[in-house]
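Throughout, a chain's letter reflects where its sequence line sits, starting with A, and its residues are numbered from 1.
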2 protein chains.
Amino acid sequence: MKRDSRLSSVLHALLHMAEREGPMTSEDLATCMNTHPVVVRRTMGLLREAGLVRSARGPQGGWRISADLGTVTLRQLHETLGEPAIFAIGNRQEMPGCLVEQAVNAALDDAFAEAEALLLHRLGQITLADLAADFSRRHAGRREGKT
Amino acid sequence: MKRDSRLSSVLHALLHMAEREGPMTSEDLATCMNTHPVVVRRTMGLLREAGLVRSARGPQGGWRISADLGTVTLRQLHETLGEPAIFAIGNRQEMPGCLVEQAVNAALDDAFAEAEALLLHRLGQITLADLAADFSRRHAGRREGKT
DNA sequence: CAATTCGTAATAAACGAAGTTACATGAAGC
DNA sequence: GCTTCATGTAACTTCGTTTATTACGAATTG
C-alpha cells in the first residue's frame with residue numbers, strides 16, 4: 001500500500017531548515033529529500049497557512065521557520081497536514097444496515113480508536129526541539145565513531 | 001489511501017456462517033457482503049490454509065467454520081491474512097543515510113510501534129465468540145425496539 | 001454426464017499519493 | 001523597466017495497491 005509520508009517529509013525539511021541560517025529554497029529542500037520542488041511547495045504551503053513557516057519569493061527567497069521548535073509537536077504537524085487517515089485497515093462499509101457488520105465495525109472501531117488515541121498522544125509529546133536534539137546526539141556520535 | 005478491508009470482510013463472513021446450520025457458498029457470502037464470489041474464495045482461502053474454515057466443492061458444497069469461535073481472536077485473523085500493513089502513514093525512506101532523517105524515522109517508528117503493539121494486543125483479546133455475543137445483543141435490542 | 005461449486009491465474013478497474021509540466025505572480029537588482 | 005530568481009497553483013501523469021471481473025480448470029453430487 002502506498003503510505004502517506006508527508007509527516008516524515010515535513011519533519012525532515014523543518015530540521016534541515018533549523019540547521020541553517022538563511023532560508024532554503026524549494027529546490028534545496030527537494031534535493032535533500034529526493035523529491036520535486038513542487039511537492040515541497042504543496043506540502044510546506046500547508047505549514048505556511050498554519051503560521052509555522054514563512055516563504056518569500058524572488059532572489060534570496062525561500063522557506064524559513066517562524067515558530068519555536070520547542071512548541072511545535074508532531075501531532076500539531078499531523079493536524080496541519082489535514083489529519084490524514086492513520087490506518088491502512090478499515091471497515092468494508094462505514095454505515096452498514098446489517099447487524100452482523102455493525103457488531104464487527106463496533107469492535108474494530110473501538111480497537112482502532114484506542115490505538116489512534118495513543119498514537120496521537122505520543123505525537124503530542126514530541127516537539128521539533130526533541131528531534132533536533134536527537135539529531136545532534138547522532139551527529140556527535142558519528143563524529144566520535146569516525147575519529 | 002485505499003484501505004484493506006479484508007479483516008472486516010472475513011469477520012462479517014464468519015459471523016454469518018456461525019449463524020447458519022449448513023455451509024454457505026461463495027455466492028451466498030458475496031451477496032450478503034456486496035462483493036464478488038471470487039474475492040470471497042481468495043480471502044477465505046487464506047483462512048482455510050490456517051484451518052479456520054473448510055470448503056467443499058460441488059452441490060451442497062460451500063464454506064463452514066471448523067474452529068471454535070471462542071478461541072479465534074481478531075489478531076489471529078489479522079495474522080492469517082498475512083499481517084497487512086496497519087498504518088497508512090510512514091517514513092519517506094526506510095533506510096536513510098541522512099542523519100536528520102534517521103532521527104525523524106526513529107521518533108516516528110517508536111510512536112507507531114507503540115500504537116501497533118496496543119492495537120494487536122486489543123485484537124488479541126477479542127474472539128469471534130465475543131462478536132457473536134455482541135451481535136445477539138444487538139439483535140435482541142432491535143426486536144425489542146420494534147415491539 | 002450434467003449441474004454445482006470451489007481453485008486460481010490473469011486482467012481490468014478504481015483509487016490515492018507522489019511526481020511532473022506549465023504557466024502565473026511577485027521580489028531583487030541592475 | 002527588464003531580467004532573473006523563486007514561490008503559487010492548477011492540471012495532468014505515473015505508480016502502487018486493493019478490489020472486481022473474466023475465464024477456465026478440477027472435484028463432487030445425483
Rounded off to whole Å, could you give me the CZ-to-C1' distance for the A:Arg92 and D:dT18 pair? 11 Å
Residue-phosphate contact under 4.0 Å: B:Ser55 side-chain N/O, C:dG7 OP1/OP2: yes
So, does B:Asn105 use its side chain to make a donor-acceptor pair with the main chain of B:Gln93 at under 3.5 Å? yes
Nearest-nucleotide pick for A:Trp63, side chain only, options being D:dG8, C:dG19, C:dA28: D:dG8
Rounding to an integer number of Å, can you tell me how far B:Leu81 CG sits from D:dT19 C1'? 14 Å
Check whether any side-chain nitrogen or oxygen of B:Thr35 sits under 4.0 Å from OP1 or OP2 of D:dT19, and answer yes or no. no
Here the distance between atom P of D:dT19 and atom NE2 of B:His12, to the nearest Å, is 15 Å
Nearest-nucleotide comparison on DNA chain D, the residue closer to the 5′ end among B:Pro84 and A:Gly61: A:Gly61
Donor-acceptor check, side chain of A:Thr71 to backbone of A:Ala67, threshold 3.5 angstrom: yes or no? no
Checking only heavy atoms, does the side chain of A:Arg3 share a donor-acceptor pair with the base of D:dG16 at less than 3.5 Å? no
Value in whole Å for how far the P atom of C:dG19 lies from CG of A:Asp4: 11 Å
Can you tell me the distance, in whole Å, between the CG atom of B:Leu46 and the P atom of C:dT8? 10 Å
Proximal nucleotide (of C:dG19, D:dG8, D:dT21) relative to the A:His36 side chain: C:dG19
Checking D:dT22, D:dA20, D:dT9 against the side chain of B:Val38 (C-beta onward), the nearest is D:dT22
Would you tell me whether B:Arg6 and B:Thr43 have side-chain atoms, one donor and one acceptor, within less than 3.5 Å of each other? no
Spacing of A:Glu114 atom CD and B:His121 atom NE2 [to the nearest 0.5 Å]: 9.0 Å
Could you state the CG-P distance from B:Leu47 to C:dG7, rounded to the nearest angstrom? 12 Å
Is there a donor-acceptor contact under 3.5 Å from the side chain of A:Asp134 to the main chain of A:Leu131? no
A:Met44 CE - D:dT9 C1' separation (whole Å): 17 Å
DNA chain C contacts among residues 14-30 of chain A, heavy-atom distance under 4.0 Å: none
Please work out if B:Gly62 contacts a base, only the sugar-phosphate, or nothing of the nucleic acid, heavy-atom cut-off 4.0 Å. sugar-phosphate
Assess the side chains of B:Trp63 and B:Ser26: does a donor N or O sit below 3.5 Å from an acceptor N or O? yes
Would you say a side-chain N or O of B:Gln60 is under 4.0 Å from OP1 or OP2 of C:dA3? no
Contacts under 3.5 angstrom, residues 11-20 of chain A side chains, donor-acceptor by atom type, not counting sequence neighbours:
from, atom 1, to, atom 2, distance (Å)
A:His12, ND1, B:Glu101, OE1, 3.1
A:His12, NE2, A:His16, NE2, 2.9

Atom pair distance, as rounded to whole Å: CZ in B:Arg57 and C1' in D:dG30: 18 Å
Within the structure shown, what part of the strands sits under 4.0 Å from A:Arg42 by heavy-atom distance: base, sugar-phosphate, or nothing? base
DNA chain C: 5'-proximal contact among A:Pro37 and A:Pro59 (nearest heavy atom): A:Pro37
Looking at B:Glu79, I want to see if its CD is surrounded by more than 12 non-hydrogen atoms of other residues, nucleotides or ligands under 6.0 Å. yes
Would you say a side-chain N or O of B:Arg41 is under 4.0 Å from OP1 or OP2 of C:dG7? no
Out of D:dT17, D:dC5, C:dA3, which has the shortest distance to the side chain of B:Lys2? D:dT17
Within less than 4.0 Å of OP1 or OP2 of C:dA17, is there a side-chain N or O belonging to A:Ser5? no
